[in-house]
Amino acid sequence: MKKQLKFFAAALLMIGAVASCGKPDNGKNGNDDGDNNGPSEEGAIVIDGKWDDWNAIPEDELVASKLDPDSDKTAIRVIKFFNTEQYLYVYAELDPAKVGTAFTEAEKWDSDKGQPRSLRFMIDEDNSDTTGGSDLDFPEAEWGIDVLVDAYIWADAGNIKLGWSECWNFKQDAEVGFPFIGLIEQNTALDNMVVTPNNVAGNMVKGFYAVELAIDKTLLDLEKTIKVGVFLVDDAWAYAGMMPSDGIPFTLNL
């Protein structure tokens with residue numbers, strides 16, 4: 001079974017060095033002003049709700065998929081992944097009708113209140129079906145889901161923000177291959193850590209919400225090759241969007 005998920009600390013040497021080569025805030029401390037500025041690695045993505053950096057990445061450096069028009073889960077139109085040493089960057093285009101427009105702590109688990117709902121990542125950490133669980137929406141997939149990352153997003157006056165994020169693991173004593181969702185336990189130490197408030201941004205582009213976020217790979221026990229399935233959960237707690245549409249998860253070489 002998998003190792004436990006792991007945990008960055010930094011030290012400043014001098015003010016001049018920070019000014020010349022310091023990294024932007026990587027999102028460990030959230031802000032509420034919508035002016036996201038992290039994370040950033042050389043040649044990578046800046047999470048700021050601007051799309052020039054994504055448009056500049058050569059197609060052969062991305063893993064991407066578009067919605068199959070025959071799919072019955074249509075709320076995700078496009079997904080792209082871009083891998084760097086620390087972060088797995090994600091770009092998504094989402095149906096705005098399926099994205100919440102309010103965030104109230106007392107109502108966040110209630111249906112029909114327009115609260116944040118999850119852009120969900122099911123991850124096979126070791127590209128193996130000999131560990132982890134299964135999912136009915138990917139019936140033909142040869143994988144074992146080991147970890148789930150939920151990024152609960154919402155739109156605040158047209159700007160995508162993160163309400164909170166969670167990380168769930170397949171239980172250590174669970175039967176391999178059984179349905180993943182029924183056999184998971186929350187890793188509360190990683191709440192708001194794997195995806196953080198400054199690591200999410202987005203806005204309306206041509207009728208869809210364009211969303212970008214960064215998953216901190218250093219906090220997960222990922223092998224060199226992983227598999228990923230992506231869902232958008234709606235206000236009724238149903239899957240409104242799924243990628244890839246064909247039910248075969250993305251294979252990512254990290």
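Computed from a prediction, not measured in an experiment: that's the story for all the values here.
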Q. Quick one: side-chain contact (heavy atoms from CB on, under 4.5 Å) partners of V78, sequence neighbours excluded?
A.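 Once residues adjacent in sequence are excluded, the partners of V78 under the side-chain contact (heavy atoms from CB on, under 4.5 Å) criterion are K66, K80, Y91, E93.
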Q. With D234, which residues qualify under side-chain contact (heavy atoms from CB on, under 4.5 Å), at least two apart?
A.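 Only K98, A236, A238, A240 meet the side-chain contact (heavy atoms from CB on, under 4.5 Å) criterion with D234.
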When rounded to the nearest 0.5 angstrom, what distance separates [atom1] in [X] from [atom2] in [Y]?
X    : Y    : atom1 : atom2 : value
I45  : D52  : CD1   : CG    : 10.5 Å
L254 : T225 : CG    : OG1   : 7.0 Å
L162 : L119 : CG    : CG    : 10.0 Å
N192 : E166 : CG    : CD    : 8.5 Å
T188 : W168 : OG1   : CH2   : 9.5 Å
T74  : L232 : OG1   : CG    : 10.0 Å

Give a yes or no on whether the backbone of [Y] and the side-chain of [X] come within a donor-acceptor separation of less than 3.5 Å.
X    : Y    : answer
S134 : G177 : yes
N83  : L88  : no
K113 : G100 : no
S65  : P244 : no
N199 : V195 : no
D150 : R120 : no
D124 : D126 : yes
Q86  : D216 : no

Q: Show your reasoning for whether side chain to side chain contact (heavy atoms under 4.5 Å, CB included) applies to K108 and W164.
A: CA-CA 10 Å; K108 69 180 187 180; W164 71 96; 3.5 Å; yes
Search all heavy atoms of [X] against all heavy atoms of [Y] and return the closest pair with its distance.
X    : Y    : result
I76  : F231 : CD1-C, 3.8 Å
N203 : N159 : CB-OD1, 4.3 Å
F81  : V228 : CZ-CG1, 4.1 Å
V205 : A210 : CG2-CB, 3.8 Å
M243 : L67  : CE-N, 3.1 Å
L148 : F180 : CB-CE2, 3.5 Å

(Q) Over 60° means perpendicular and under 30° means parallel, so tell me whether F82 and W54 are parallel, tilted or perpendicular. (A)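 Ring orientation, 0 to 90° scale: perpendicular.
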Are [Y] and [X] co-members of a hydrophobic cluster defined by side-chain heavy atoms under 4.5 Å apart?
X    : Y    : value
W237 : M122 : yes
L252 : I248 : no
V233 : L136 : no

**Q.** Where at least one partner belongs to residues 193-212, residue pairs that pass ring pair (Phe, Tyr, Trp, His ring centres under 6.0 Å), sequence neighbours excluded
**A.**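 Of all non-adjacent pairs touching residues 193-212, none passes ring pair (Phe, Tyr, Trp, His ring centres under 6.0 Å).
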Q) Are more than 12 heavy atoms from other residues, nucleotides or ligands located less than 6.0 Å from atom CD of E142? A)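 Not buried by this count: 12 neighbours or fewer within 6.0 Å.
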Q: Take atom CD of E61 as the centre, draw a 6.0 Å sphere, and report whether it contains more than 12 heavy atoms from other residues, nucleotides or ligands.
A: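 Atom CD in E61 is crowded, with more than 12 foreign heavy atoms closer than 6.0 Å.
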(Q) Show, in sequence, the C-alpha distance, side-chain angles and deciding distance for Y87 and E85, and conclude whether the side chain to side chain contact (heavy atoms under 4.5 Å, CB included) test is met. (A) CA-CA 6 Å; Y87 295 102; E85 183 176 353; over 6 Å; no
Q | CA sep, side-chain torsions, deciding dist, call: D68, S71, side chain to side chain donor-acceptor pair (under 3.5 Å) | A | CA-CA 5 Å; D68 182 337; S71 173; over 6 Å; no
Q: Show your reasoning for whether side chain to side chain contact (heavy atoms under 4.5 Å, CB included) applies to Q115 and Y152.
A: CA-CA 9 Å; Q115 293 292 302; Y152 284 86; over 6 Å; no
(Q) So that I know where these two stand, are F250 and F121 an aromatic pair - ring centroids less than 6.0 Å apart? (A)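 Not under 6.0 Å, so no.
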Q: Before giving the answer on side chain to side chain donor-acceptor pair (under 3.5 Å), spell out for S111 and D235 the whole-Å C-alpha distance, their side-chain angles and the decisive distance to 0.1 Å.
A: CA-CA 6 Å; S111 299; D235 197 38; 5.9 Å; no
